[in-house]
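Note: hydrogens, waters and symmetry copies are ignored here, and every other heavy atom, side chains too, is used.
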Amino acid sequence: MVLYLALGIRCLLGGVFLVSFLTKISGRTEFDQFVASVHGMKLLPRAFARPVAVAVVVAEFAVCVLLASPVRPAAVAGLLLAAGLLLSFMIGVAGAINRGAREPCRCFGASQVPLGPRHLVRNAVLTLCAVLGAMACLGTGPLHAGGVSVAVVGGLLLAWLVIASDTILELFQSLPQNAGQRIPPARKVKEKPWFS
């Protein structure tokens, strides 16, 4: 059971980091926007923004490779690296919020959502998952095809929810304020008899 948990968490974090990596390197413009967002967090001088952005992209790719490895020590290393990166992101986001930066989150490509508490919570939950996954990797026991399938699909579905979380929250926030109010019943109109 513990190994299935570890596998699900590996798929969750692998999916999240893979999409994060790919959206940052999908084009020169996308990478330049990521560099601009690093500078916009007001934590580093402009000269350090590009090297830090490159380091983040390389580290995200390394997490993906390690989590995909069938070798257990590599997977544990990937989970610990993911936890370290997520913790660093939390510190960076907290610092940016504290300095009043309103830079949009570029975690998964273009977004208009400014960094905020929701990003801290998301990273905290993912960090906890990474640590839990690393501990679960130490478990032993056989793996069965059905359990593996459920763990992989479950992990990937959770990854999709994490990736789409900003979009989902934006959708609910854009609903009209009176959407939840009760609509008054329509007045009944007296019908004339058809034979008159």
Side-chain angles (χ1 to χ4, degrees), residues 1-27 30-31 33-34 37 53-93 105-111 113 115-173:
M1 185 69 178
V2 174
L3 289 179
Y4 296 123
L5 176 65
L7 184 58
I9 290 173
R10 285 169 63 186
C11 291
L12 161 64
L13 293 173
V16 166
F17 276 98
L18 181 63
V19 171
S20 181
F21 166 74
L22 290 175
T23 54
K24 290 178 179 78
I25 63 146
S26 60
E30 288 75 10
F31 185 73
Q33 287 174 344
F34 176 56
S37 74
V54 169
V56 167
V57 167
V58 169
E60 287 180 339
F61 179 70
V63 167
C64 296
V65 170
L66 290 168
L67 291 180
S69 172
V71 180
R72 193 177 300 190
V76 172
L79 289 163
L80 294 176
L81 178 58
L85 267 175
L86 289 162
L87 192 57
S88 300
F89 296 160
M90 279 176 59
I91 293 167
V93 170
C105 173
R106 297 283 180 189
C107 308
F108 306 111
S111 172
V113 179
L115 293 171
R118 75 173 76 164
H119 300 103
L120 288 173
V121 171
R122 180 176 70 194
N123 286 340
V125 170
L126 290 175
T127 303
L128 184 63
C129 286
V131 172
L132 187 62
M135 292 189 304
C137 276
L138 303 176
T140 57
L143 288 172
H144 302 286
V148 168
S149 300
V150 170
V152 169
V153 170
L156 293 176
L157 281 174
L158 285 174
W160 177 81
L161 281 173
V162 169
I163 293 161
S165 62
D166 277 345
T167 305
I168 293 168
L169 288 170
E170 277 183 82
L171 177 67
F172 281 107
Q173 288 173 348

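A donor-acceptor pair under 3.5 Å links the side-chain atoms of T23 to the main chain of V19, judged by distance alone. The backbone N or O of F17 lies less than 3.5 Å from no partner atom in the side chain of S20, so there is not a single donor-acceptor pair.
Identified under the salt bridge (Lys or Arg N to Asp or Glu O under 4.0 Å) test for residues 135-149, with sequence neighbours left out: none. Among residues at least two apart or in separate chains, there is no side-chain hydrogen bond (donor to acceptor under 3.5 Å, both in side chains) pair with a member in residues 128-149. Sorted by first and then second residue, the salt bridge (Lys or Arg N to Asp or Glu O under 4.0 Å) pairs with a member in residues 53-72 read K24-E60; sequence neighbours excluded.
Taking F61 as the reference, F21 meet the ring-ring contact (aromatic ring centres under 6.0 Å, His included) condition, with sequence neighbours excluded.
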Could you tabulate the donor-acceptor pairs under 3.5 Å formed by side-chain atoms of residues 5-12, not counting sequence neighbours?
| residue | atom | partner | partner atom | Å |
| --- | --- | --- | --- | --- |
| R10 | NE | L67 | O | 3.1 |
| R10 | NH2 | L67 | O | 2.9 |
| R10 | NH2 | S69 | O | 2.6 |

Quick one: side chains of residues 78-91, donor-acceptor pairs under 3.5 Å with protein atoms, not counting sequence neighbours, listed by atom name and distance.
| residue | atom | partner | partner atom | Å |
| --- | --- | --- | --- | --- |
| S88 | OG | G84 | O | 2.9 |

Sequence neighbours left out, cut at 3.5 Å: what donor-acceptor pairs do the side chains of residues 120-138 make with other protein atoms?
| residue | atom | partner | partner atom | Å |
| --- | --- | --- | --- | --- |
| R122 | NH1 | S165 | OG | 3.4 |
| N123 | ND2 | H119 | O | 3.4 |
| T127 | OG1 | N123 | O | 2.7 |

Report task. With side chain to side chain contact (heavy atoms under 4.5 Å, CB included) as the test, would you mind laying out the steps for V54 and F31 before giving the verdict? Result -> CA-CA 9 Å; V54 169; F31 185 73; 3.7 Å; yes
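Y4 approaches V148 most closely through the heavy-atom pair CE2-N, 3.6 Å.
Residue L18 holds its CG atom at 10.0 Å from CG of L156, rounded to the nearest 0.5 Å.
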